[in-house]
Amino acid sequence: MADGGVGLTAEQRALARVVCQQWVGHGLTLQPADRTTAEAGVRLVYRAAGLPPPQRVVWAGSPLAGAVAALALTAGSEPGLRVAPEVWEQIWVRLAAEAGMPAGDPVWAHLAYDQVGAPVWSRLRDPVWDAWWAAWAQVGEPVWEEAAAHAAAVDARVGAVGEVIWQQVSGQLAEAGVGLRVQEAVRRHVGEPDQAWDWEWLSEIWPGLLAKVARRAWLPPWELVVAAPGAGSDVWDGSYPWEAELEDDTDNDALPRQLAEELPDLNEEDAWDLDEAYWDSVQRGPFEEEVRSGWYTRGQHDAGALALIEVLDRAVGLRPGQPLAGQVLIGRSAGWWWPFEQAVILTERPCALDPARDEQGRLHHPTGPLVAYRDGWGVWAWHGVRVPRQLIERPDTITVEQIRATRNLEVRRVLLERYGPDRYLRDADATLAHVDEYGKLWRCDLPAEEPLTMVEVVNATPEPDGTHATYLLRVPPGVRTAKEAVAWTFDMATDDYHPAAQT
Amino acid sequence: MQLHYRQGDVLLVAVSAIPKDARLLPRDQGRIVLALGEATGHAHAIADPRAVLLETELQQRFLQVLAEGGVLLRHEEHHPLLLPHGTYEVRRQREYAPGAAWRMVAD
């Protein structure tokens, strides 16, 4: 144990900076995975846990592809559950369509369920835990704290990318689950005879699987760093990003409303049952359970934790145990990975990365993906709303019918914005609700939402050619007259609005 | 009713006083810029030195016109607007956005 109260020397600190810089590079690289190195790392981690190395190694093109395959295989390993491959095929097709992924060649097709075995991360992590504790004990608190502070800066950059990816993966899985539940409700509702697919079974298993995913979501080895004594509370504030997300989401009626729209005859009780099941499926479990139950690890996106190990190794001569060394190898060379008894799923690294944000700090990239993988999967966002690729990269292909048919209100708002509200008014046969000297008030119904209401105003100053330019501004749907609309845009009472001069 | 003047997406509403916490804002290259177009870089601006712009902690903006004969507010796409001597609250035009309540217009 190092001397009490002494942190890194100036020389060690300089080395820590170099190592952390390299880990930012590993975390954000756009190079294809180094498969040989990653697979060697996997064997090390297995060996440290006293397990034979996995006989089968399957590479997924993206975290979503890996997550779907891992879900299928996890379900397949649950004792007493009959897995209908067609069900998973159905989920895959839906996800693939949703994500614009090339059809065919699902990852799990390479793995028969009986050749995979149970997920083993919960077994692999015990030696990992032990190695972390040993490392802490060996280097002492001051050194650990200082090295952890360096590593936290790596996590702030790389872990954030992992978060963005996770939100997209979990969001798509949840949406697919909701979609399947809706299908099940439809089937029950119309009293179709039983199909080959065991929908009841799926309804049972899906929430549990999603919960399993959610629990693992924010607990990569990084939480071991922060859970270890001496890591300091400044590294992690104890909150979980998805908690804030759930609390922020005040639109609790969205799903019942969506269901009601889709199934006009569905009674309210059924709709709420489905909603409840959905929310159950995305809530996290008790903390202890989260820590103990493992599901996936993030490879390169664990760069923060792995940088800490390497700083301790190279700067102060800690010799990391095999499980940590194995993780370091994987983190340097691959993305997310899911270990099973007889197989491991590893994922490729992204080919594009630009997690841009708007002025309000929301994820926003107006022209391309935030993250993209070579299999076509990626994350696109418009002012904080996750959207399909088309909305960002091919807004010219958006149609009035598509806007009307889109059920997700947030996505529909983005569609409308990208299409152009003024153009939509024209193309969707808006009605002229009011005209006065201040302008024209247009109104157009949107399905299941407040009507689109816009005021068309004329610039007071003529253009060089003598004409007056017009423009449209969206106003609240309750507005009745053009004057009221213009007054609203300046936060004025209607009766008070009367400019002494305007140009 | 308060007197008010409009140039495009900017409205100046005459007020009797400026909140105490308002602080003087520095000029931008010698001009007071009331609003800047996002895409065009066009500005609603006052070059006359006899005016000052202040901002409160809540980012409310106030314009004080000191010149007896008023000052001119100019913009690349609008006729100049003569603002008489006095104190004004500067309002930007806003647009309704479902979910976000509203957002600013920038022409």
Side-chain angles (χ1 to χ4, degrees), chain A residues 248-251 254 358-360 362 383-385 408-414 416-417 421-422 438 446 449-455 457-464 468-469 471-479 485-503, chain B residues 1-15 34-40 42-46 58-61 65 70-107:
Chain A
D248 282 353
D249 193 340
T250 49
D251 192 6
D358 65 10
E359 284 170 358
Q360 293 168 46
R362 298 172 300 186
H383 294 296
V385 180
N408 183 310
L409 293 186
E410 282 189 314
V411 173
R412 188 162 68 202
R413 280 170 197 156
V414 177
L416 185 62
E417 188 176 341
D422 43 351
Y438 292 88
L446 292 169
E449 202 186 359
E450 55 192 27
L452 174 66
T453 308
M454 299 188 85
V455 63
V457 290
V458 179
N459 264 352
T461 303
E463 299 294 296
H468 289 259
Y471 60 103
L472 280 148
L473 293 175
R474 188 163 183 183
V475 295
V479 166
V486 176
W488 182 89
T489 65
F490 286 114
D491 198 15
M492 297 278 285
T494 312
D495 292 342
D496 291 346
Y497 183 72
H498 193 277
Q502 67 176 321
T503 64
Chain B
M1 189 176 80
Q2 293 163 304
L3 259 184
H4 45 276
Y5 299 84
R6 176 177 170 192
Q7 184 178 61
D9 57 355
V10 171
L11 190 74
L12 294 127
V13 182
V15 292
L34 298 184
L36 195 64
E38 266 171 15
T40 58
H42 291 171
H44 298 275
I46 297 165
L58 296 172
Q59 294 181 341
Q60 248 187 322
R61 288 183 170 202
V65 176
V71 298
L72 283 178
L73 175 64
R74 295 182 183 277
H75 185 274
E76 287 81 347
E77 291 159 3
H78 298 276
H79 291 311
L81 178 71
L82 181 69
L83 291 171
H85 174 88
T87 307
Y88 303 91
E89 183 192 336
V90 181
R91 289 196 193 174
R92 298 286 308 279
Q93 194 162 31
R94 60 184 180 170
E95 186 170 21
Y96 179 69
W102 50 266
R103 70 169 152 230
M104 289 300 172
V105 173
D107 69 3

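Basis for what follows: all heavy atoms, side chains included, without hydrogens, waters or symmetry-related copies. Quick note on labels: first sequence line is chain A, next is B, and so on, each numbered from 1.
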Quick check on A:Leu472 against chain B: is it the side chain, the backbone, both or neither that has a heavy atom closer than 4.5 Å?
backbone

Can you tell me which portion of A:Met492 sits under 4.5 Å from chain B's heavy atoms? Options are side chain, backbone, both or neither.
both

Within residues 79-89 of chain B, which positions have a heavy-atom distance to chain A below 4.5 Å?
B:His79, B:Pro80, B:Leu81

For B:Gln7 and B:His44, test the side chains for any donor-to-acceptor distance below 3.5 angstrom and give the result as yes or no.
yes

Mind checking whether [X] and [Y] have side chains closer than 4.5 Å, heavy atoms only?
{"X": "B:Leu12", "Y": "B:Leu34", "result": "yes"}
{"X": "B:Tyr96", "Y": "A:Met454", "result": "no"}
{"X": "A:Asp496", "Y": "B:Gln2", "result": "no"}

From B:Gln93, B:Arg91, B:Arg92, residue fulfilling side chain to side chain donor-acceptor pair (under 3.5 Å) relative to A:Thr489
B:Gln93

Does B:Arg6 reach the main-chain N or O of A:His498 with its side chain, forming a donor-acceptor pair under 3.5 Å?
no

Set of residues satisfying side-chain hydrogen bond (donor to acceptor under 3.5 Å, both in side chains) with respect to B:Arg74, sequence neighbours excluded
none

Using heavy-atom distances under 4.5 Å, tell me whether B:Val10 contacts chain A through its side chain, its backbone, both, or neither.
backbone

